[in-house]
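Here's the structure, in structure tokens; my notes come after.
Lettering follows sequence order; numbering is per chain, from 1.
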Amino acid sequence: MAEKITPRSVDYSQWYIDIVLNAKLADYSPVKGCMVVRPRGYAIWERIQAAYDKRFKETGHQNCYFPMLIPMSFLQKEKDHVKGFKPELAVVTHGGGEELDEPLCVRPTSETIIWSMYKNWIQSYRDLPLLYNQWCSVLRWEKRTRLFLRTAEFLWQEGHTAHETEQDAVEETMRMLDVYREVAEQVLCLPVIAGRKSESEKFAGAVATYCIEAMMQDKKALQAGTSHFLGQNFGKAFDVQFQTREGKLDYAWATSWGVSTRLIGAVIMTHSDDKGLVLPPELAPEQAVIVPIYKTETKAAVLAYCEKLLGELKTAGVRAILDGDESKSPGWKFAEHEMNGVPLRIEIGPRDMEAGKAMVARRDTGEKAPLEVAGLPAKAVELLAAIQKNLYEKAKAFRIENTKPVASREELLAFYGKDQGEEAGTAVATGGFAEGRWCGDGTCEAALKAETKVTIRCLPLDRQEGVGGNCCLCGKPAKHLAVFARNY
RNA sequence: CGGGCAGUAGCGCAGGGGCUAGCGCGCUUGGUUCGGGACCAAGAGAUCGGAGGUUCAAAUCCUCUCUGCCCGACCA
């Protein structure tokens with residue numbers, strides 16, 4: 001099939017949709033705002049899950065499962081929480097043909113139902129910490145949806161922990177933020193900025209929200225994961241009291257943290273090009289594809305040569321496939337596997353066979369070179385590692401290139417261009433990340449957002465020491481170093 | 001939820017009151033091909049997004065509705 005991908009320079013949004021659809025990662029569902037994750041997309045999700053789940057276990061967490069339906073009254077117990085989520089709730093009012101006594105909402109997140117249970121399970125400091133996680137889907141009635149980036153129902157994981165002390169909970173919040181950062185960088189090749197959210201961007205019900213923010217190729221920011229310090233808000237709302245070491249009563253301290261299938265969107269928008277999907281080898285369902293090239297009389301020999309190599313690649317730990325489809329020409333297969341983001345393509349024809357070689361092409365750089373087939377499996381492992389590294393480095397260089405320190409309002413406005421926003425159909429934004437000092441006043445931030453749609457993405461954790469000078473927006477003394485950007 | 005655009009075969013499109021709804025790609029079958037999206041031949045595939053209405057006659061006109069995309073408002 002000759003589907004064309006809209007080039008990024010023409011329409012970035014359409015390019016993204018073209019990739020998702022053509023690479024068969026997901027499709028629209030009959031239900032508005034929902035998506036079907038297809039096997040190729042789900043395989044990527046499984047790899048993301050595996051990487052995170054391993055680290056959750058290593059940091060002492062256990063998986064569990066809580067119900068999808070939550071009594072409406074539970075949501076109402078924490079006032080900020082209900083205020084934040086009410087507009088996005090789906091509510092079940094009937095069951096078995098009869099109206100329910102109490103409506104049930106489909107979880108938009110599970111703090112409330114989980115803490116209603118924690119009340120029963122926590123009596124003493126000896127019961128703490130409670131370190132639970134669940135992989136599930138949640139539903140938020142979104143007005144405007146985009147495949148993977150914002151859908152009504154999405155897959156995610158939510159960690160919910162209860163602690164004895166404030167310090168323990170804060171440490172947990174930061175520990176999981178660091179797990180998010182590490183996997184994003186090492187496995188997804190996403191350079192991210194770890195930071196704290198401003199008050200206005202905080203999770204409904206949290207004391208503090210921390211996040212990892214990534215820059216997409218259109219220079220907009222994407223929140224890739226969040227970790228919340230919930231204080232005693234839910235402990236109090238659900239009356240989760242425990243006896244302390246001193247014999248007194250105290251409310252449990254809480255955290256929650258989540259990453260979602262949005263990460264797949266982040267990977268696509270960070271690495272892919274106009275030929276299609278580009279995937280970090282660690283995430284790629286297939287890491288190498290062998291494309292045999294033969295004429296009728298050379299077919300058997302070429303295929304045998306390919307089969308042998310395929311076996312060796314697998315033995316070396318490479319997820320390799322042989323594309324033996326006889327109804328497609330080699331050229332078609334090249335384009336197809338590029339569309340699908342297979343990191344390495346190995347072309348083998350009679351000429352290579354005679355020379356004891358194979359033509360190896362890298363998806364990330366497009367480089368193509370004949371390699372000795374004898375050492376190829378080991379070389380493939382090296383190349384995959386090199387691609388993994390290159391994708392991260394390239395994305396990081398792009399972010400640095402498009403990050404600018406700003407000292408004044410004028411500089412900031414100039415960075416984002418006079419005419420704010422994007423024209424329809426030319427969705428590559430001006431600007432990028434602006435780094436500026438900030439007074440910490442929410443009105444300052446709100447005014448900027450109203451005028452330019454630029455918001456404070458986060459206050460980077462490692463850049464807050466000795467922030468002096470004045471707010472780049474209002475000129476008053478600054479308290480923080482902030483990263484500004486337009487965002488998804 | 002507001003403004004704009006679009007829904008006709010799996011995909012991309014044409015047809016804008018009239019008789020059997022076309023085309024390209026893809027798909028099926030057979031054959032020839034095979035180093036960057038091959039070719040020939042023969043086939044299959046559509047209640048024209050849905051509902052209602054106007055009419056002798058509706059894919060085509062009218063009303064409502066659903067879905068997607070872009071822009072805005074809202075937002076983990």
Side-chain angles (χ1 to χ4, degrees), chain A residues 1-6 11-18 20-22 24 27-35 81 83-89 107-109 111 138-147 149-152 154 156 158 197 200-206 209 211 222-228 256-262 275-276 291-299 302-303 323-339 345-353 357-359 361 366 368 370 420-427 449-450 453 455 487-488:
Chain A
M1 51 192 79
E3 282 115 6
K4 278 281 186 288
I5 294 177
T6 307
D11 187 336
Y12 191 81
S13 295
Q14 192 58 48
W15 165 80
Y16 173 78
I17 294 162
D18 288 350
V20 172
L21 262 25
N22 286 323
K24 299 185 173 66
D27 206 347
Y28 296 104
S29 81
V31 180
K32 184 185 170 74
C34 292
M35 72 171 165
H81 193 65
K83 208 171 122 197
F85 281 106
K86 194 133 194 207
E88 304 180 44
L89 288 184
R107 64 181 164 221
T109 179
E111 275 78 3
V138 289
L139 187 67
R140 299 176 185 179
W141 214 259
E142 298 286 347
K143 306 252 157 118
R144 194 173 167 181
T145 59
R146 270 146 106 15
L147 294 170
L149 298 176
R150 172 171 281 110
T151 47
F154 56 91
W156 80 339
E158 46 181 329
K197 283 293 188 189
S200 68
E201 299 273 337
K202 222 173 59 175
F203 174 74
T209 288
C211 63
L222 182 76
Q223 181 173 294
T226 47
S227 185
H228 314 289
S256 70
W257 27 275
V259 293
S260 72
T261 36
R262 171 180 264 196
K275 288 179 169 179
V291 178
I293 298 159
Y294 49 74
K295 299 187 191 303
T296 311
E297 59 273 23
T298 51
K299 179 177 164 183
V302 168
L303 281 180
D323 187 348
D325 189 336
E326 299 196 30
S327 65
K328 306 260 191 298
S329 69
W332 195 95
K333 291 175 184 176
F334 296 170
E336 180 71 2
H337 295 299
E338 276 166 354
M339 176 75 255
R345 184 181 66 243
I346 303 172
E347 308 167 13
I348 295 179
R351 294 207 295 270
D352 303 297
M353 195 173 65
K357 297 197 171 184
M359 194 65 85
K368 188 162 148 176
Q420 307 306 332
E422 306 118 41
E423 300 297 320
T426 58
K449 182 177 181 182
K453 288 167 49 191
T455 54
N487 73 302
Y488 275 94

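- A donor-acceptor contact under 3.5 angstrom links the side-chain atoms of A:Glu338 to the base of B:rG36.
- Between the side chain of A:Arg140 and the base of B:rC75, no donor-acceptor pair of N or O atoms lies under 3.5 Å.
- Side-chain to base pairing of A:Arg345 with B:rG36: one donor and one acceptor N or O lie within less than 3.5 Å of each other.
- B:rC70 atom P lies 14 Å from atom CH2 of A:Trp15, rounded to whole Å.
- The partner of B:rG7 is B:rC66, judged by Watson-Crick or G-U wobble contacts that both fall below 3.5 Å.
- Closest to the A:Arg262 side chain, of the nucleotides B:rG35, B:rG37, B:rA76, is B:rA76.
- Base pairing analysis places B:rC61 opposite B:rG53; the two distances defining the Watson-Crick or G-U wobble pair are each below 3.5 Å.
- Across all strands shown, B:rU47 forms no Watson-Crick or G-U wobble pair with both key distances under 3.5 Å.
- The nucleotide B:rC23 finds its pairing partner in B:rG12, both defining distances of the Watson-Crick or G-U wobble pair being shorter than 3.5 Å.
- Rounded to whole Å, the P atom of B:rU28 lies 32 Å from the corresponding atom of B:rU20.
- In this model, the phosphate group of B:rU33 is not approached by any side-chain N or O of A:Tyr294 to a distance below 4.0 Å at OP1 or OP2.
- With both ends at atom P, the span from B:rG72 to B:rA57 equals 47 Å, rounded to whole Å.
- Under 3.5 Å, the side chain of A:Lys453 and the base of B:rG72 form no donor-acceptor pair of N or O atoms.
- For the OP1/OP2 pair of B:rG68 and a distance below 4.0 Å, the side-chain nitrogens and oxygens of A:Arg146 include no atom meeting the criterion.
- Regarding contacts with the backbone of B:rA38, a side-chain N or O of A:Ser329 is found under 4.0 angstrom from either OP1 or OP2.
- OP1 and OP2 of B:rU65 both lie 4.0 Å or more from every side-chain N or O belonging to A:Lys32.
- Taking the C1' atoms as reference points, B:rU63 lies 11 Å from B:rU54, given to the whole Å.
- Under the 90° criterion around 0 for the glycosidic angle, B:rG22 counts as anti.
- Proximity of a side-chain donor or acceptor of A:Arg150 to a complementary backbone N or O of A:Thr145 within less than 3.5 Å is not detected.
- A straight line from CG of A:Asp27 to P of B:rC69 spans 11 Å, rounded to a whole angstrom.
- Contact check, A:Lys295 against B:rC34: a side-chain N or O comes under 4.0 Å of OP1 or OP2.
- Atom NZ in A:Lys299 sits roughly 15 Å away from atom P in B:rG35 (whole-Å rounding).
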